[in-house]
Amino acid sequence: MAKDLKTTKFVLDESDVPTHWYNLAADLPALPPPPIHPGTGQPVGPDDLAPLFPMELILQEVSRDRWIEIPEPVRDVYRLWRPTPLYRAHRLERVLGTPARIFYKYEGVSPAGSHKPNTAVAQAYYNKQAGVKRLTTETGAGQWGSALAMACAFFELELKVYMVRASYEQKPYRRILMETWGARCVPSPSPDTEAGRRVLAEHPDSPGSLGIAISEAVEDAATREDTKYSLGSVLNHVLLHQTVIGQEAQKQFELAGTYPDVIFGCVGGGSNFAGLAFPFVREKLEGRDIRIVAVEPTACPSLTRGAYTFDFGDTGRMTPLMKMHTLGHTFIPAAIHAGGLRYHGMAPLVSLLYEQGIIEALALPQNAVFEGAVLFARAEGIVPAPESAHAVRAAIDEARRCAETGEEKTILIGLSGHGHFDLGAYEAYLAGRLEDYEHPEEEIRKALAALPQVGT
Ligand SMILES: *Cc1c(COP(=O)(O)O)cnc(C)c1O
């Protein structure tokens with residue numbers, strides 16, 4: 001039973017910003033296999049990655065140390081918005097008439113409005129330390145690009161963002177945010193790279209894709225001495241940087257005098273989910289009884305319907321092959337509004353946990369997700385990002401089941417960001433104009449049949 005029945009917000013002190021990131025690789029009985037070089041078919045070594053990432057991040061990528069110290073300049077920036085609040089959703093509980101206790105850990109209080117600055121700031125710092133002058137990255141709807149733009153402003157790095165053209169034209173506000181923080185943002189495909197020019201020659205009106213934008217950003221970084229590349233999800237070091245979320249939540253649950261029975265987080269590439277869940281996974285591996293559920297869209301169901309196999313991280317087949325749950329690198333998901341969840345693959349660490357049955361997964365269609373988001377907004381005030389709303393809806397369904405059975409479960413939601421830049425999506429939902437997509441099995445089979453046969 002919760003000691004604290006009335007409190008709404010469990011707030012920690014600035015001195016409670018974690019001093020270390022938690023590295024789950026130290027506690028896993030088996031690790032995901034190393035990524036494979038697409039040319040040689042051999043495992044990728046640190047030297048292969050050196051043109052793209054600074055050595056500190058490459059070492060974190062392969063580290064098995066349990067704790068990795070957070071540099072003081074990174075903690076300094078974290079203190080601008082961390083620790084983030086843990087809320088008890090009293091009003092939502094009342095609306096649902098549930099005996100369950102619902103909590104949410106809210107990452108939308110960062111200046112960029114999501115969890116993404118947790119890794120953007122760390123990555124900008126290590127690049128600056130390594131003498132890098134300029135970063136490149138890709139962005140879809142702009143959440144990652146804007147987080148990295150802010151981080152580069154703090155550490156005085158130049159940033160060039162290749163933004164998927166369709167979003168560049170339809171969603172100007174995150175582009176303006178990036179430019180306000182000093183980044184240069186171009187629509188992708190662009191005439192600035194070989195990869196971009198190749199696409200433009202064939203399809204001058206190409207709306208672009210995340211896969212093309214990754215190829216452009218990687219090429220730009222690989223061909224310039226002063227430039228490196230930065231990725232906002234999927235990789236081990238990105239997941240590592242996000243673990244401040246779960247560590248803070250554990251402390252906050254001590255204040256609340258309870259402990260989650262079930263955790264819901266949304267998954268695109270897996271970073272916010274991992275950041276919240278991994279510190280709890282550690283306790284689960286030590287025997288604690290806790291369910292951890294990854295929630296994905298039915299339009300892009302990489303965990304629930306993808307294969308666990310080696311695949312490229314990008315459409316352009318430039319990245320190493322990673323063993324992960326994937327719908328195939330040729331997979332193009334429907335244009336759902338949770339843009340951050342439209343990725344064909346899943347972080348290798350999250351994929352492995354799912355394969356081993358340590359975490360669960362479920363997929364939801366977007367109308368159900370927005371229905372949950374609106375219910376949440378009317379009860380709690382916060383308008384969730386469409387991505388985060390996947391976790392919200394799954395938690396609402398769980399709380400309703402508790403109302404039927406009378407179970408007093410403690411439910412934790414990872415609320416990864418706010419939806420203030422996604423009001424067009426809310427408008428479409430409220431007007432009844434949202435479509436649900438179920439990706440056809442036939443399409444998935446075809447995309448999977450085209451996968452490279454390596455390391456299996
Ligand atoms: C980018 C994004 C996601 C999805 O990315 P993950 O790496 O899976 O966390 C989820 N929520 C928000 C708010 C995002 O901006």
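Atoms within a ligand are numbered from 1 in the order they appear, just like the ligands themselves.
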Q) With a cut-off of 4.0 Å, which atoms of ligand 1 are near a heavy atom of Gly268? A) 8 (O)

(Q) Check whether Tyr259 forms a cation-pi arrangement with Arg288 (NZ or CZ under 6.0 Å from the six-membered ring centre, at most 45° off the ring normal). (A) yes

Q | Result of checking Ile411, Ile263, Leu86, Ile413 against Phe103 for side chain to side chain contact (heavy atoms under 4.5 Å, CB included) | A | Leu86

Q. When Tyr22 is tested against each of Phe280, Phe278, Trp67 for ring-ring contact (aromatic ring centres under 6.0 Å, His included), which residue passes?
A. Trp67

(Q) Determine whether the aromatic ring centres of residues Phe312 and His329 are separated by less than 6.0 angstrom. (A) yes

Q: Taking the side chain as every heavy atom from C-beta outward, state whether Ser271 and His115 have any pair of such atoms under 4.5 Å apart.
A: yes

Q. Less than 3.5 Å between some nitrogen or oxygen of Gly270 and one of ligand 1, yes or no?
A. yes

Q) Given the side-chain rings of Tyr87 and Tyr104, with only the six-membered ring counted for Trp, is the space between their centroids under 6.0 Å? A) yes

Q.
Pairs of nitrogen or oxygen atoms closer than 3.5 Å, one from Ser388 and one from ligand 1: do any exist?
A. no

Q) Looking at NE2 of His241 and CG of Asn118, how far apart are the two atoms once the value is rounded to the nearest 0.5 Å? A) 10.0 Å

Q. In the protein, which heavy atom is nearest to atom 11 (N) of ligand 1, and how far is it?
A. Ser416 OG, 2.7 Å

Q.
Can you confirm whether more than 12 heavy atoms, excluding those of Arg75, are under 6.0 Å from its CZ atom?
A. yes

Q. Who's closest to atom 5 (O) of ligand 1 heavy-atom-wise, of Gly417, Gly340, Gly419, Ala385?
A. Gly340

(Q) I need the atoms of ligand 1 closer than 4.0 Å to a non-hydrogen atom of Asn272, numbered in the order shown. (A) 6 (P), 8 (O), 9 (O), 10 (C)

Q | Nearest protein heavy atom with distance in Å, relative to atom 15 (O) of ligand 1 | A | Lys116 NZ, 2.6 Å

Q) Does any N or O atom in Glu387 lie less than 3.5 angstrom from one in ligand 1, N or O only? A) no

(Q) Under 4.0 Å, counting heavy atoms only: does His115 come that close to any atom of ligand 1? (A) yes

Q.
Are any of the N/O atoms on Val267, whether in the backbone or the side chain, positioned under 3.5 angstrom from an N/O atom of ligand 1?
A. no

Q. Identify the closest protein heavy atom to atom 7 (O) of ligand 1: which residue and atom is it, and at what distance?
A. Ser233 OG, 2.5 Å

Q. Looking only at heavy atoms, is any part of Glu107 under 4.0 Å from ligand 1, and if so is it the side chain, the backbone, or both, or is it neither?
A. neither

